[in-house]
Amino acid sequence: MCTVCGCGSETHSHDHPHDHDHGHGHGHDHDHDHDHDHDHDHGRDLHFGTGPARAHVPGMTQSRLVSIEQDILAHNDALAAENREILRDKGILALNLVSSPGSGKTTLLCRTAGDLKGRFAVSVIEGDQQTSFDADRIRAIGVPALQVNTGKGCHLDAQMVRRAIDKLAPADDSVLFIENVGNLVCPAGFDLGEAAKVVILSVTEGEDKPLKYPDMFAAAKVLLLTKTDLLPHLSFDVERCLGYARKINPALAVMRLSATGGEGLEAWYDWIAERRRQVLAARAAALEAKLDAVRNALNRG
Amino acid sequence: MHEMSLTEGILQMLEDQAKAQAFSRVLTIWLEIGELSTVDPDALTFCFEALRSGTLADGARVEIIRLPGQAFCMDCARTVRLAQRYDSCPDCGGDSLQVTGGDEMRVKELEVE
C-alpha cells in the first residue's frame with residue numbers, strides 16, 4: 001500500500017498474492033515516510049477515499065479499510081471439507097461423539113466397537129487433553145485406536161483429525177468413531193468432516209442440559225440417552241429431557257440405551273449400519289461412474 | 001475456552017490477508033458475532049487482547065457487531081426474531097423453528113496501514 005495517498009490496491013478480500021516492488025508489509029514496524037514522487041502504477045484509477053473517513057487528508061499517513069467478510073472458522077471448515085472428501089472416497093462412515101465428561105462415552109464406545117468389529121472394520125480416534133487411557137481401553141478389545149492429546153485445547157479440530165486419519169489409516173468401507181474431548185460447549189462449533197455429531201447424555205446428568213448447552217444439541221444429528229438401566233434409582237424425567245432436546249432441534253434422532261445392561265443397543269447398531277450402507281452405496285455409485293468412464297474410453301479405442 | 005483457538009484463527013487470517021492485501025499493521029478489527037453463535041463476545045475480546053501482542057495486530061482495537069438471532073417458523077411460515085436457541089416462536093409459541101440468522105462468526109472489516 002502506498003502510505004502517502006492511502007491508495008490500497010484493493011478493498012475487497014481476495015487471495016492471490018500480487019507483486020510489490022517495495023518490500024514493506026512483512027509484519028515488521030516501519031515508520032519511513034513515502035514523500036518521494038511516486039509514479040508507480042495504481043491501475044487505471046487513483047483512490048484517495050479508502051481511509052476510515054472515506055476521504056483523503058493531505059499530508060497525513062492514512063490508514064485504510066479492507067473488507068474481509070470471512071468466517072472465523074473458515075480455515076477449520078475448509079480442512080473439514082477435505083476430511084469429508086477423503087472419508088467419502090474411502091467409504092468411511094465417521095461419527096463424532098460428543099458429551100460432558102463422565103457421561104460414559106468411552107464405555108459406550110468400547111461396547112459398541114467390541115460388538116460391531118465382527119460385522120465390519122471399526123477404528124477409533126480418541127481425543128483427550130492428556131493421557132492415552134482411553135485409546136488403551138479401545139486397543140485392549142482388539143480395535144485399532146489412536147490417541148490425540150489436545151494439551152490445553154478443549155476440543156478436537158479438523159487439522160488434528162486429518163493427522164490422526166493419516167496416521168491411523170482406517171480401512172476402506174469401515175466405521176470411524178471420533179471421541180471428542182468431554183465438553184458440551186466448544187466441540188459444537190468445530191466441524192471435523194464427520195457424517196454426524198452424536199451427542200451422548202446420561203440420565204445421571206441434568207435433564208435440562210439440552211437447554212443449558214443448546215449449541216451442541218442444535219449441531220447434533222443423534223442424541224443417545226444412556227445409562228437407562230439406572231433410571232429406577234433416579235428422578236430423571238426422560239420425556240421432559242427429550243422435549244427440551246426436540247425444542248432445540250426438532251430433527252434430532254433419539255435413542256435410549258444402556259451400555260452396561262445392553263438394552264437399546266440394537267437400535268443404535270442398526271442406525272450405524274444403515275448410515276454405513278448409505279456411505280457404501282454412494283461410494284459404489286462413484287466407483288461405477290469411474291469404471292464406466294474408463295470402459296467408454298477403452299471402447300473408443 | 002474455544003475463544004482462544006478462534007482468536008488464533010483470526011490472527012492467522014490477518015497474517016494471510018496482510019500478505020494478500022499488502023498491509024503491515026492492523027489498527028481496528030470489526031467482528032460480526034451473531035447472538036446464536038457459539039462464541040462469547042467478551043471472552044473473544046479478552047483472548048484477542050491476550051494474544052495480539054507481538055503480532056501485526058499489536059494494540060489493535062476490537063469492535064464487535066452483534067447480529068440478531070432469526071429463525072423461520074414452519075407453522076407461521078415466516079421469519080421471526082429468536083433471542084435464544086431455546087426460545088419458542090414469539091408469535092405462535094411453537095417450536096418448529098429453523099435458525100436462519102444469528103449464528104455468524106465473521107471478520108467483517110479491518111482498518112490497516
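Computed from a predicted model, the values in this text were never measured in an experiment. Here is the naming used below: chain letters follow the sequence lines, and residue numbers restart at 1 for every chain.
Using a 4.5 Å heavy-atom threshold, the side chains of B:L110 and A:L65 count as separate. In this structure, A:K247 and B:R85 have side chains that are not in contact, with every pair of non-hydrogen atoms separated by 4.5 Å or more. Looking at heavy atoms from C-beta onward, B:E3 lies out of side-chain contact with A:C186 at the 4.5 angstrom threshold. Looking only at side-chain heavy atoms (C-beta outward), B:T38 and A:V185 stay at 4.5 Å or farther from each other. A heavy-atom distance below 4.5 Å is not found between the side chains of A:V66 and B:E109. In this structure, A:D208 and B:Y86 have side chains that are not in contact, with every pair of non-hydrogen atoms separated by 4.5 Å or more.
Taking all atoms of both residues into account, the shortest heavy-atom contact from A:I72 to B:L44 is CD1-CD2, 4.4 Å. Of all the heavy atoms in A:S63 and B:E111, the pair that sits closest is OG-OE2, 2.8 Å.
Only the side chain of B:M13 comes within contact range of chain A, with at least one heavy atom under 4.5 Å from a heavy atom of that chain. Neither the backbone nor the side chain of B:T28 comes within less than 4.5 Å of any heavy atom of chain A. Contact annotation for B:E104: neither backbone nor side-chain heavy atoms come within less than 4.5 Å of a heavy atom of chain A. Only the backbone of B:L36 comes within less than 4.5 Å of a heavy atom in chain A; its side chain stays farther off.
Within 6.0 Å of CZ on A:R163 lie no more than 12 heavy atoms contributed by other residues, nucleotides or ligands. Counting heavy-atom neighbours within 6.0 Å of A:Q159 CD, excluding the residue itself, gives a total of 12 or less. Open room surrounds CD on B:Q98; 12 or fewer heavy atoms of other groups in view lie less than 6.0 Å from it.
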Under the criterion side-chain hydrogen bond (donor to acceptor under 3.5 Å, both in side chains), I'd like the reasoning laid out for B:K108 against A:S67: C-alpha separation, chi angles, the key distance, then a yes or no. CA-CA 6 Å; B:K108 182 176 171 55; A:S67 172; over 6 Å; no

Before giving the answer on salt bridge (charged side-chain N to carboxylate O under 4.0 Å, His left out), spell out for A:E69 and B:R106 the whole-Å C-alpha distance, their side-chain angles and the decisive distance to 0.1 Å. CA-CA 6 Å; A:E69 300 286 356; B:R106 253 197 319 254; 3.6 Å; yes

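Summarising the geometry, atom CD1 belonging to B:I10 is positioned 11.5 Å from atom CD1 belonging to A:I68; distances are rounded to the nearest 0.5 Å.
The interface of residues 210-220 of chain A with chain B, defined by heavy-atom distances below 4.5 Å, comprises A:L211, A:P214, A:D215, A:A218.
When the salt bridge (charged side-chain N to carboxylate O under 4.0 Å, His left out) test is applied to B:D87, no partner is found at least two apart in sequence or on another chain.
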